[in-house]
There are 2 protein chains.
Amino acid sequence: MKGLGELERSIMDILWAENAPLTAREVGRLIEDRDLAPTTVMTVLDRLSRKGFLTRTRDGRAWRYQPAASRDAYVAELMLEALDMTGDRDAALTRFAQAVSGTEAEILRKALTELGEE
Amino acid sequence: MKGLGELERSIMDILWAENAPLTAREVGRLIEDRDLAPTTVMTVLDRLSRKGFLTRTRDGRAWRYQPAASRDAYVAELMLEALDMTGDRDAALTRFAQAVSGTEAEILRKALTELGEE
DNA sequence: TCACCTCTCTACAGGACGTAGTACTACCCC
DNA sequence: GGGGTAGTACTACGTCCTGTAGAGAGGTGA
């Protein structure tokens with residue numbers, strides 16, 4: 001998987017936050033604080049779908065874009081990818097476990113416990 | 001934190017694998033399969049220390065480079081960084097927990113348990 | 001038909017990286 | 001002591017990615 005640029009991520013954030021597939025115009029409106037040219041938004045949406053982060057379907061002449069995967073899935077995948085980078089996954093995992101905060105350690109523990117029960 | 005390029009990572013891998021600080025020449029010898037000019041290795045080592053991935057100390061006229069952090073720490077940090085990207089850390093963590101393989105889930109569980117005992 | 005929307009194509013600047021040459025300095029051997 | 005050698009710093013260049021956007025084409029409604 002490739003990383004995302006800053007604008008790309010802003011746009012993914014918008015689409016992840018929204019539940020419905022959006023057109024370029026709609027995304028542009030939601031990102032208004034940056035005052036981007038409409039084509040800029042379109043270009044980025046296009047690149048994102050080319051990279052597989054978005055899927056798009058026709059709606060009249062316009063395209064509607066929506067995330068190909070949930071943000072959680074994306075984040076989890078990034079984490080796994082980082083993990084793949086090491087020779088010693090166990091050490092890295094241990095380190096990671098030590099680094100997450102208390103509440104999050106709790107979440108992780110619970111998720112793992114539920115796993116074990118399946 | 002910034003990501004690493006491909007050559008940068010090869011070089012970090014070498015330095016992570018080695019326990020002693022190496023000179024550019026030594027790194028170059030260890031990476032021989034690529035047949036790089038000595039200055040290429042030096043440039044990359046230099047960039048890596050500029051980015052904070054390496055520290056260097058003088059050894060006569062030469063520099064000796066060593067990782068500023070362990071690979072595990074680096075990987076763990078990458079993972080945390082990915083985690084920071086999401087609005088809903090819990091969901092991402094849960095997702096992650098579900099994605100790691102059984103053995104690794106075990107490792108994680110153990111690390112978390114030990115945490116709890118401290 | 002005219003204004004408009006949306007698309008696709010093309011472009012360009014800036015930064016990161018891989019790659020390396022050049023020029024300068026210090027050191028060792030003959 | 002002079003030349004080769006090793007090591008450094010500085011500079012450079014091509015490529016790819018990303019942010020940014022214009023130009024042109026083809027529908028669409030008034």
Side-chain angles (χ1 to χ4, degrees), chain A residues 1-15 20-68 74 78 81-82 85, chain B residues 1-16 18 20-68 74 78 81-82 85:
Chain A
M1 193 178 29
K2 280 288 313 155
L4 294 176
E6 193 265 321
L7 174 57
E8 288 176 332
R9 226 171 72 192
S10 302
I11 287 185
M12 286 306 294
D13 277 340
I14 287 175
L15 287 163
L22 300 184
T23 64
R25 169 151 301 257
E26 288 161 348
V27 172
R29 252 194 295 271
L30 289 172
I31 216 179
E32 62 186 41
D33 43 318
R34 298 185 61 154
D35 193 35
L36 296 170
T39 48
T40 300
V41 177
M42 283 194 240
T43 302
V44 175
L45 285 169
D46 196 50
R47 285 184 189 160
L48 285 169
S49 36
R50 235 183 272 276
K51 291 193 212 171
F53 287 100
L54 298 176
T55 58
R56 62 184 200 175
T57 45
R58 278 284 179 194
D59 177 12
R61 276 181 301 128
W63 290 105
R64 291 202 165 268
Y65 294 87
Q66 71 184 324
Y74 172 59
L78 274 188
E81 207 172 274
M85 235 191 58
Chain B
M1 193 178 29
K2 281 291 311 157
L4 293 177
E6 194 263 321
L7 174 56
E8 290 177 330
R9 226 171 72 193
S10 302
I11 288 186
M12 285 306 293
D13 277 341
I14 287 176
L15 287 164
W16 272 320
E18 220 64 23
L22 300 184
T23 64
R25 169 152 299 259
E26 288 162 348
V27 171
R29 254 194 294 271
L30 290 171
I31 216 179
E32 63 186 40
D33 43 318
R34 299 184 62 153
D35 193 34
L36 296 171
T39 49
T40 300
V41 178
M42 283 195 239
T43 301
V44 175
L45 286 170
D46 198 50
R47 284 183 188 159
L48 285 170
S49 34
R50 235 184 272 278
K51 292 193 210 170
F53 287 101
L54 298 177
T55 58
R56 61 184 200 175
T57 46
R58 277 287 178 193
D59 177 13
R61 278 181 303 128
W63 291 104
R64 290 201 166 269
Y65 295 86
Q66 72 184 324
Y74 172 59
L78 274 187
E81 207 172 274
M85 234 192 59

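Here is how names work: the chains are called A, B, and so on, in the same order as the sequence lines, proteins then strands, and each is numbered from 1.
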*Pick base, sugar-phosphate or nothing for B:R9, based on heavy-atom distances below 4.0 Å to the nucleic acid.*
nothing
*Looking only at side-chain atoms of A:T39, point me to the closest of D:dT20, D:dA23, C:dT19.*
D:dA23
*asked:* Need one value for B:G60: base, sugar-phosphate or nothing, where a base atom within 4.0 Å counts as base even if backbone is also close, heavy atoms only.
replied: nothing
*Start with the C-alpha distance between A:M85 and B:Y74, add both sets of side-chain angles, then the distance that settles side-chain contact (heavy atoms from CB on, under 4.5 Å), and finish with yes or no.*
CA-CA 10 Å; A:M85 235 191 58; B:Y74 172 59; 3.1 Å; yes
*Shortest non-hydrogen contact from A:P21 toward A:R64*: O-NH1, 2.8 Å
*Under 3.5 Å, is there an N or O donor on one side and an acceptor on the other linking the side chain of A:R61 and the base of C:dC5?*
yes
*asked:* Nearest to the side chain of A:V44, heavy atoms from C-beta on, is which of C:dT8, D:dA6, D:dT20?
replied: D:dT20
_Just N and O in the side chain of A:K51: are any of them under 4.0 Å from OP1 or OP2 of D:dC17?_
no
_Both A:A37 and A:L4 contact DNA chain D. Taking the nearest nucleotide for each, which residue is further toward the 5' end?_
A:L4
*Between C:dT8, C:dG18, D:dG19, spot the one nearest the side chain of A:R56, thanks.*
C:dT8
*asked:* Test side-chain contact (heavy atoms from CB on, under 4.5 Å) on A:I11 and A:L4; report intermediate values, then the result.
replied: CA-CA 10 Å; A:I11 287 185; A:L4 294 176; over 6 Å; no
_Given D:dT20, C:dT8, D:dG7, identify the nucleotide with an atom nearest to the side chain of A:L7._
D:dT20
*Nearest to the side chain of B:R58 - C:dG18, C:dC7, D:dA9?*
D:dA9
*Identify whether any heavy atom of B:T43 sits under 4.0 Å from a base atom; if not, whether one sits that close to sugar-phosphate; answer base, sugar-phosphate or nothing.*
base
*Please tell me which of the listed nucleotides, D:dT20, C:dT8, D:dT18, lies nearest to the side chain of A:M42?*
C:dT8
*For B:D33, does the CG atom sit with more than 12 other heavy atoms under 6.0 Å from it, leaving out its own atoms?*
yes
*Which part of the nucleic acid, if any, lies within contact of B:G28, taking any heavy atom under 4.0 Å across all strands shown: a base, the sugar-phosphate backbone alone, or nothing?*
nothing
_Nearest to side-chain heavy atoms of B:R47, which nucleotide of C:dA20, D:dA12, D:dG7_ = D:dA12
*Nearest 0.5 Å please: distance from the CZ atom of A:R47 over to the OG1 atom of A:T43.*
6.0 Å
*Taking only the side-chain heavy atoms of B:R34 (C-beta and beyond), determine which of C:dG18, D:dA9, D:dA21 contains the nearest atom.*
C:dG18
_Heavy atoms from C-beta onward define the side chain here; which of D:dT8, C:dG18, D:dA21 lies closest to that of B:A62?_
D:dT8
